[in-house]
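In what follows, chains are A, B, ... by sequence order, proteins preceding strands, each numbered from 1. Only heavy atoms go into these numbers, but all of them, side chains included; no hydrogens, no water, no symmetry mates.
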Amino acid sequence: MAQIIRISESGKYENQEVTIQGWLYNKRSSGKIRFLLVRDGSAIIQCVVVKNEVSEDVFERTELLTQETSLRVTGKLVADKRAPIGYELHVSDIEIIQIAQDYPITPKEHGVDFLMDHRHLWIRSKRQHAILRIRHEIIKAAQDFFNNRDFIKVDSPIFTPNAAEGTTTLFKTDYFGSPAYLTQSGQLYAEAACMAFGRVYCFGPTFRAEKSKTRRHLTEFWMIEPEVAFFDLQDDMQLAEEFVSYIVQTVLKNRKQELETLERDTTKLEKVSPPFPKIHYNEAVEILKKNGVEFTYGDDFGGADETVLSDQFEKPVIVHHYPAEVKAFYMKRDPEEPQFALAMDMLAPEGYGEIIGGSQREDDYDTLLQRIREHNLSEEAFKWYLDLRKYGSVPHSGFGLGIERTVAWITGVKHVRETIPFPRLMQRIYP
RNA sequence: UCCGGCGUAGCUCAAUUGGCAGAGCGGGUGGCUGUUAACCACUAGGUUGUAGGUUCGAGUCCUACCGCCGGAGCCA
């Protein structure tokens with residue numbers, strides 16, 4: 001056996017004898033010449049088997065190869081302009097590891113339900129492969145961004161003891177005889193960590209038991225949430241636009257091939273750089289009215305409203321100063337116009353919806369206590385959270401970025417179910 | 001939870017007015033020395049989601065249920 005290589009590093013081994021370990025993606029035959037498309041997770045390469053260049057035994061073995069059969073292929077790597085990756089393998093030997101019988105996902109169109117039932121196999125397909133590689137790049141870029149700015153990653157717990165804002169959207173579990181809930185956000189714990197380290201972020205799964213059946217909703221999704229001490233809303237919005245720009249530009253730079261596979265039009269993504277348009281809630285309402293949208297002043301925006309707003313701009317748009325009543329208890333109100341919260345949402349272009357929600361947090365003990373009471377929340381449960389306002393409280397702000405919606409936007413995928421390896425939806429918890 | 005749509009071969013779909021259940025892909029067999037979801041020929045493959053009803057006759061019409069899809073509501 002020759003040196004084992006990854007297909008993606010073929011360029012380094014031109015005209016050398018190498019071995020590739022992988023799976024058969026597809027096969028074509030023309031009598032005495034056969035073409036094997038082999039994937040190894042890094043890329044796909046066409047392997048050419050010519051009858052009178054290999055032993056009879058090896059040539060006959062190609063007959064046994066079915067889709068997704070695992071194998072080792074040895075041969076000479078040669079440059080070929082006809083090949084998508086620029087190289088082909090001229091086969092000298094084939095070792096079959098396991099023959100796959102009746103692989104369900106054939107090279108043709110399939111329906112959503114069938115593919116979702118076979119998600120564990122679907123992720124081997126080209127398109128899913130490209131999406132998940134971009135997801136990886138987005139997560140890496142997001143963490144790099146904060147790591148390069150001296151943030152400390154402090155993860156929040158998944159189990160939480162209390163229902164922060166009503167139990168309807170929380171998943172309840174049994175925790176040694178007491179109720180516990182799966183977290184909806186790491187934010188409150190990130191605030192505690194923020195008072196310890198100054199700049200922190202957490203990254204993990206969050207859970208919402210909402211019966212939402214739309215292309216933007218999962219019951220389990222991943223969020224990355226920075227929290228910064230001595231930051232006001234303006235600082236927060238600036239951090240958010242720099243953050244999102246960095247992610248988009250990094251993906252454009254490092255995942256060009258995957259974006260091509262997905263046939264993503266990148267011209268709009270290329271324009272994503274600071275500053276982003278920032279509009280007050282009142283301006284947003286004006287825009288909706290100008291576009292003939294029926295909207296009750298004081299409400300939060302629905303999915304259709306968000307699309308109208310984001311369609312006005314080429315870049316993501318930040319809407320700030322939402323009516324305090326539709327926002328969470330912990331958001332600080334603007335002292336100059338107290339009916340508004342110092343909150344902001346970032347809406348992705350092209351109808352992908354809200355990708356960031358953030359705010360400056362209430363940092364005054366008495367005010368926060370009052371809000372907790374107004375919302376009928378348990379003072380006892382939030383004792384530790386109130387402590388943060390008791391022992392050296394400072395102005396601080398943060399936001400959360402939903403990974404799946406960000407992946408959907410950047411890849412141009414229509415539904416978030418394709419942006420996470422194993423999606424959890426209202427109607428699906430298999431595989 | 002509400003509105004709309006769909007359910008036929010392993011998969012994607014077709015089947016005229018209610019009148020013989022069919023094609024492509026995948027599988028099998030054979031052919032082809034440059035194929036790109038290769039192609040060509042042959043071949044196997046069906047409780048038409050489930051239960052009931054109307055009818056001489058139901059994939060098709062009616063009722064209920066199940067499942068899925070899209071949307072709304074909901075959604076720091």
Side-chain angles (χ1 to χ4, degrees), chain A residues 25-37 44-54 59 63 66-68 80-85 88 90 100-118 121-122 125-127 164-166 168-170 183-188 190-191 206-219 221 223 225 299-304 306 322 324-332 341-345 353-354 356-362 371 375 377 398-402 405 414-415 417 425-428 430:
Chain A
Y25 195 73
N26 199 1
K27 177 174 74 170
R28 289 181 282 268
S29 164
S30 183
K32 296 185 177 61
I33 182 165
R34 281 170 190 168
F35 304 95
L36 314 177
L37 289 176
I44 294 173
I45 192 167
Q46 175 160 278
C47 304
V48 186
V49 191
V50 180
K51 189 173 169 71
N52 53 25
E53 288 176 11
V54 296
F59 194 74
E63 304 258 8
T66 53
Q67 203 188 345
E68 288 303 317
D80 192 307
K81 280 177 188 163
R82 290 169 292 191
I85 63 162
E88 286 187 341
H90 279 229
Q101 299 283 1
D102 300 323
Y103 185 70
I105 303 177
T106 55
K108 70 184 288 293
E109 282 177 29
H110 296 279
V112 171
D113 193 37
F114 176 81
L115 288 169
M116 292 292 281
D117 278 341
H118 296 85
L121 305 175
W122 191 19
S125 303
K126 254 188 213 169
R127 178 183 154 83
E165 339 209 350
T168 51
T169 65
L170 288 162
T183 183
Q184 284 190 307
S185 161
Q187 182 205 310
L188 303 187
E191 284 186 58
T206 54
F207 307 87
R208 306 217 175 157
E210 291 151 15
K211 292 186 175 176
S212 298
K213 271 175 60 180
T214 84
R215 71 185 73 166
R216 298 184 307 275
H217 288 87
L218 296 165
T219 56
F221 67 98
M223 250 201 318
E225 296 171 274
D299 283 359
D300 205 350
F301 303 121
E306 289 180 353
Y322 281 80
E325 284 191 7
V326 301
K327 287 294 181 183
F329 75 94
Y330 52 72
M331 292 184 178
K332 192 177 178 66
L342 291 169
M344 62 101 170
D345 282 356
E354 181 190 334
I356 279 181
S359 68
Q360 184 170 337
R361 322 304 188 187
E362 180 55 65
R371 300 265 180 271
H375 283 79
L377 300 170
F399 61 82
L401 172 113
R405 285 187 186 177
K414 285 196 191 75
H415 199 300
R417 66 184 163 221
L425 299 146
M426 190 180 122
Q427 307 272 47
R428 175 173 295 278
Y430 177 92

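Of all nucleotides listed (G34(B), C75(B), U33(B)), C75(B) comes nearest to the side chain of Glu210(A). Ranking U1(B), G34(B), U35(B) by closeness to the Met426(A) side chain, first place goes to U1(B).
Atom CZ of Phe301(A) and atom CD of Glu306(A) lie 8.5 Å apart (nearest 0.5 Å). With values rounded to the nearest 0.5 angstrom, Phe114(A) atom CZ is found 11.0 Å from Trp122(A) atom CH2. Atom NZ of residue Lys211(A) and atom CG of residue Leu425(A) lie 15.0 Å apart, to the nearest 0.5 angstrom.
For Arg216(A), there are no salt bridge (Lys or Arg N to Asp or Glu O under 4.0 Å) partners, not counting sequence neighbours. With sequence neighbours left out, Ser30(A) forms a side chain to side chain contact (heavy atoms under 4.5 Å, CB included) with Ile33(A). When the side-chain hydrogen bond (donor to acceptor under 3.5 Å, both in side chains) test is applied to Glu68(A), the partners found at least two apart in sequence or on another chain are Arg39(A), Arg124(A). Every residue was checked against the side-chain hydrogen bond (donor to acceptor under 3.5 Å, both in side chains) condition with Gln101(A), not counting sequence neighbours, and none meets it. Listed by chain and number, the residues in a side-chain hydrogen bond (donor to acceptor under 3.5 Å, both in side chains) with Glu362(A) amount to none (sequence neighbours excluded). Arg371(A) meets the salt bridge (Lys or Arg N to Asp or Glu O under 4.0 Å) test with Glu374(A); sequence neighbours excluded. Residues satisfying the side-chain hydrogen bond (donor to acceptor under 3.5 Å, both in side chains) test with Gln46(A), not counting sequence neighbours, are Arg28(A), Glu88(A). Among residues two or more places apart in sequence or in another chain, the side chain to side chain contact (heavy atoms under 4.5 Å, CB included) test is passed with Ser212(A) by Glu210(A), His217(A). By the side chain to side chain contact (heavy atoms under 4.5 Å, CB included) test, Asp299(A) pairs with Phe295(A), Thr296(A), sequence neighbours left out.
A21(B) and C25(B) have their P atoms separated by 24 Å, given to the nearest Å. Taking the P atoms as reference points, G71(B) lies 25 Å from C65(B), given to the whole Å. Going from the C1' atom of G7(B) to that of C13(B) covers 12 Å, rounded to whole Å. Taking atom C1' on both nucleotides, A58(B) is separated from U17(B) by 14 Å, rounded to a whole Å. C20(B) and C11(B) have their C1' atoms separated by 26 Å, with the value rounded to a whole Å. A9(B) and G27(B) are spaced 12 Å apart, taking the C1' atom of each and rounding to whole Å. For the P atom pair drawn from A41(B) and C68(B), the interatomic distance equals 40 Å after rounding to whole Å. U43(B) and G19(B) have their C1' atoms separated by 29 Å, with the value rounded to a whole Å.
Here U12(B) presents its P atom at 11 Å from CD1 of Ile105(A), a figure rounded to the nearest Å. Residue His110(A) contributes atom NE2, which lies 6 Å from atom C1' of C11(B) at whole-angstrom precision. Straight-line distance from the CG atom of Asp117(A) to the P atom of U12(B): 10 Å, rounded to whole Å. Rounded to whole angstrom, the span from the CG atom of Leu36(A) across to the P atom of G34(B) amounts to 16 Å. Taking atom OH on Tyr25(A) and atom C1' on G26(B), their separation rounds to 15 Å, with Å as the unit. What separates CG of Leu121(A) from P of G26(B) is a distance of 18 Å, to the nearest Å. Residue Tyr103(A) contributes atom OH, which lies 13 Å from atom C1' of C11(B) at whole-angstrom precision. Distance, Phe114(A) CZ to G7(B) C1': 16 Å, rounded to whole Å.
Gly357(A) comes within 4.0 angstrom of no nucleic acid atom, judged by non-hydrogen atoms across all strands.
Along RNA chain B, the nucleotide nearest Asn26(A) and the nucleotide nearest Asp80(A) are compared for position; the residue whose nucleotide lies closer to the 5' end is Asp80(A). Residue Ser30(A) is the one, among Lys27(A) and Ser30(A), whose nearest nucleotide of RNA chain B lies closer to the 5' end (criterion: closest heavy atom).
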Let me check I have this right: for RNA chain B, each base becomes ., (, ), [, ] or |, based on Watson-Crick or G-U pairs with both distances under 3.5 Å. What is the full string? (((((((..((((.....[..)))).(((((.......))))).....(((((..]....))))))))))))....
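Counting non-hydrogen atoms of neighbouring residues, nucleotides and ligands closer than 6.0 angstrom, the NZ atom of Lys27(A) exceeds 12 such neighbours.
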Measure all distances between protein nitrogen or oxygen atoms and nitrogen or oxygen atoms of nucleotides 68-72 of chain B, and list the pairs falling under 3.5 Å.
from, atom 1, to, atom 2, distance (Å)
C68(B), OP1, Gln427(A), O, 3.4
G70(B), OP1, Arg417(A), NH1, 2.8
G70(B), OP1, Arg417(A), NH2, 3.0
G71(B), OP1, Arg215(A), NE, 2.6
G71(B), OP1, Arg215(A), NH2, 2.4

Which atoms of nucleotides 22-25 of chain B (N or O only) lie under 3.5 Å from a protein N or O atom, and what are those distances?
from, atom 1, to, atom 2, distance (Å)
G24(B), N2, Lys108(A), NZ, 3.0

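No hydrogens or angles were tested; on distance alone, a donor-acceptor pair under 3.5 Å links the side chain of Glu88(A) to the base of G34(B).
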